[in-house]
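Chain identifiers are assigned alphabetically (A, B, ...) following the order of the sequence lines, protein sequences preceding nucleic acid strands; residue numbering begins at 1 within each chain. Scope of the values below: all heavy atoms of this structure, side chains included, with no hydrogens, waters or symmetry mates.
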Number of protein chains: 2
Amino acid sequence: MATLVDIANYTGLAISTVSKYFNGGSLRPYNKTKIENALKVLDYRPNQAARTLKTKRTYSIGILVPNLQSSFDTHIITAIEQELTAANYSSILCTYGSDPKIEAKKLRFLLDKQVDGLALLPSGTIHKELFEYLEENKKIVLFDRVLDGFSFDAVITNNSQITEDLVDFLVMQGHREIGIITNTVYTGSQRLEGYKHGLIKHGIEIKESLIRIGSWSIHDGRNHMDSLLTCNPRLTAVIACSEELCLGTVQILREKKIHIPDDISVVGFDMYGISTLTDPAITAVEQPVDEMGKNIVDILLRKIQLDEVQVGTIHCFNASIDNRQSVRHIPQPY
Amino acid sequence: MATLVDIANYTGLAISTVSKYFNGGSLRPYNKTKIENALKVLDYRPNQAARTLKTKRTYSIGILVPNLQSSFDTHIITAIEQELTAANYSSILCTYGSDPKIEAKKLRFLLDKQVDGLALLPSGTIHKELFEYLEENKKIVLFDRVLDGFSFDAVITNNSQITEDLVDFLVMQGHREIGIITNTVYTGSQRLEGYKHGLIKHGIEIKESLIRIGSWSIHDGRNHMDSLLTCNPRLTAVIACSEELCLGTVQILREKKIHIPDDISVVGFDMYGISTLTDPAITAVEQPVDEMGKNIVDILLRKIQLDEVQVGTIHCFNASIDNRQSVRHIPQPY
DNA sequence: ATGAAAGCGCTAACAT
DNA sequence: ATGTTAGCGCTTTCAT
């Protein structure tokens with residue numbers, strides 16, 4: 001692998017002149033062609049480690065997410081990557097398996113790789129590495145969740161409002177015994193809040209027996225749906241607050257020969273490709289992942305290029321309810 | 001951010017002594033504690049760019065895959081990452097969206113990042129970057145597919161044999177008009193081959209009207225299943241050779257009110273979490289992703305640590321048929 | 001427009 | 001065991 005020195009020797013030019021050729025300085029045309037000829041023979045590639053050592057820039061962005069099992073995450077990652085590639089930036093993708101310890105480790109790894117910026121779907125734990133990113137003037141944008149007490153910019157969805165809308169919708173269809181399976185993280189608790197608002201708005205009592213809070217897993221979807229059924233004989237609908245939870249919910253209902261939507265109505269979140277796999281297709285909340293991904297990159301690049309400071313702006317996108325066939329209309333008595 | 005020089009100044013030691021502290025040389029205990037005290041005050045982090053510039057090593061491995069939409073890919077990535085983390089290596093994950101142009105670009109990016117090794121799920125195109133990896137003594141392991149004419153090690157599955165087994169199974173259940181939806185890439189054509197072997201073995205004629213070859217997409221799954229139905233009125237079973245194709249197949253059958261398995265039996269590949277979403281659950285071929293991921297890392301690290309040369313060994317794992325409820329038993333006339 | 005030279009932070013001989 | 005020093009490949013003043 002050739003270096004700048006090799007090219008300098010080959011052409012008889014100074015190394016700094018050759019460097020200027022690559023970094024867009026003005027060169028005598030004669031020397032320009034000399035270098036270009038050398039390039040044909042020498043197969044030169046700039047050494048990024050050397051360049052980074054000198055400039056502290058890498059033109060790459062770290063993307064850090066819990067895992068690749070949820071299609072919301074993989075879709076938004078894909079959108080981010082495409083946008084980044086278009087802007088001639090590269091991405092380094094890491095996962096932390098929902099484990100704050102590994103999250104800190106990966107945060108460290110990306111910091112050590114000297115990424116220019118970071119798109120982070122955080123666990124919620126505040127790591128000291130986060131402060132170092134700020135100190136070293138790295139640009140950070142959070143997505144899907146916010147981090148309280150920090151002034152990070154974040155790209156999120158109107159979780160609370162859309163869940164309230166969901167309750168509206170279910171109530172309009174005649175449901176009053178509506179269960180919810182959610183979790184403790186930001187999105188989960190926002191959705192729970194919307195659920196409560198919705199019920200209150202319609203004068204329906206909030207019953208703890210209808211609320212299940214656990215983790216974002218198929219396993220918990222199964223267990224919580226099961227327990228919801230045994231505790232609430234009059235249950236007619238359930239909101240499963242993630243793709244995994246909804247998968248678990250559908251699974252257990254199928255096993256128990258409980259029919260959707262005749263016996264129980266089900267609505268999910270973020271089902272993307274698989275919402276139409278079941279029979280009937282699942283009504284679900286969908287987030288505008290492509291726009292969100294694009295927005296994340298826009299913010300990041302603007303920060304990097306204009307050196308904008310962190311102000312903690314929240315960019316909130318509107319999710320929508322994709323109405324399919326998993327909600328039953330219950331005729332009301334007069 | 002402190003450097004080795006800062007620590008050297010703080011402790012009064014030479015910079016090389018401090019370097020040795022981090023790289024495991026022998027130090028006087030007295031000096032060791034001096035450095036450790038300095039560390040408490042100085043918050044030092046080795047500059048990886050400088051270290052790489054000097055040593056040409058990064059302790060990181062590139063993982064390059066087409067995309068994150070298929071759960072086979074995300075599962076095997078997860079397995080690779082876990083194994084790598086356990087061995088104190090890091091991973092840089094990139095996707096190329098099934099586009100050979102972007103594949104070359106990402107190959108380049110990872111090479112420029114000076115990864116020590118590469119786990120690649122290749123598009124099939126031979127890029128010049130691949131030769132550079134070899135030249136620069138990077139360690140490569142392919143997975144899921146092989147690259148003809150190269151002597152890269154590869155970790156794959158017995159695609160042909162398992163599909164032949166699948167045909168065996170279907171024939172035993174009384175099926176003779178068996179369609180297949182597959183694609184042109186390595187795994188797709190291997191599976192097609194197994195399909196043909198299976199039919200021949202049972203003395204069943206191979207009919208082109210039962211074979212559909214396209215891309216690995218939900219869209220193609222829908223279209224090809226549709227066309228299979230119209231062209232083959234006596235069709236009783238279909239093999240969908242990927243998760244996406246199977247999703248499309250199930251979708252269109254549902255829309256057309258064609259019942260699985262009473263009207264048509266369906267078997268898929270790599271359905272992982274979602275095989276039990278449908279009613280009935282889908283019988284599918286599953287690959288041992290965890291073992292495969294572990295094996296990929298083992299080979300890679302052995303190569304790196306022992307500087308083993310490329311010999312083109314094929315590591316072939318056995319897939320298995322997870323029999324669920326999407327295949328009907330057809331009673332045979334005497 | 002071009003060149004000389006310093007230095008980014010580190011490792012690894014080599015000398016002591 | 002510790003220190004001195006050269007140099008990895010590049011960018012960037014500063015002269016010319």
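Under a 4.0 Å N-O distance rule, the pair A/K56/A/E136 does not qualify as a salt bridge.
In this structure, A/Y44 has its ring center under 6.0 Å from that of A/F22. For an aromatic pair to be called close, the ring centres must be under 6.0 Å apart, and A/F131 with A/F150 satisfies this.
Using modelled atom types and a 3.5 Å distance limit, the side chains of B/T52 and B/Q114 yield no donor-acceptor pair.
Using a distance-only test at 3.5 Å, with no hydrogens or angles considered, a donor-acceptor pair links the side chain of B/N23 to the main chain of B/S19. In this structure, the side chain of A/T58 engages the main chain of A/S60 through a donor-acceptor pair within 3.5 Å.
With B/K139 as reference, B/D307 is the one residue of B/D307, B/D116, B/D298 to meet the salt bridge (Lys or Arg N to Asp or Glu O under 4.0 Å) rule.
At whole-Å resolution of the value, CD in B/Q114 and P in D/dC8 are 14 Å apart. When the C1' atom of D/dG3 is taken as reference, atom CD1 of B/I35 falls 13 Å away, rounded to whole Å.
Scanning all heavy atoms of the two residues, the minimum distance from A/P66 to A/T95 falls at O-CB, 3.7 Å.
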Show each protein N/O and nucleotides 8-11 of chain C N/O combination with a separation under 3.5 Å, one pair to a line.
{"residue": "C/dG9", "atom": "N2", "partner": "B/A50", "partner atom": "O", "Å": "3.4"}
{"residue": "C/dC10", "atom": "OP1", "partner": "B/Y44", "partner atom": "OH", "Å": "2.5"}
{"residue": "C/dC10", "atom": "OP1", "partner": "B/N47", "partner atom": "N", "Å": "3.2"}
{"residue": "C/dC10", "atom": "OP2", "partner": "B/L4", "partner atom": "N", "Å": "2.5"}
{"residue": "C/dT11", "atom": "OP1", "partner": "B/N23", "partner atom": "ND2", "Å": "3.4"}
{"residue": "C/dT11", "atom": "OP1", "partner": "B/R51", "partner atom": "NE", "Å": "2.8"}
{"residue": "C/dT11", "atom": "OP1", "partner": "B/R51", "partner atom": "NH2", "Å": "3.0"}
{"residue": "C/dT11", "atom": "OP2", "partner": "B/S19", "partner atom": "OG", "Å": "2.9"}
{"residue": "C/dT11", "atom": "OP2", "partner": "B/N23", "partner atom": "ND2", "Å": "3.4"}
{"residue": "C/dT11", "atom": "O2", "partner": "B/K54", "partner atom": "NZ", "Å": "3.3"}

Between protein and nucleotides 14-16 of chain C, what N or O pairs are separated by less than 3.5 Å?
none

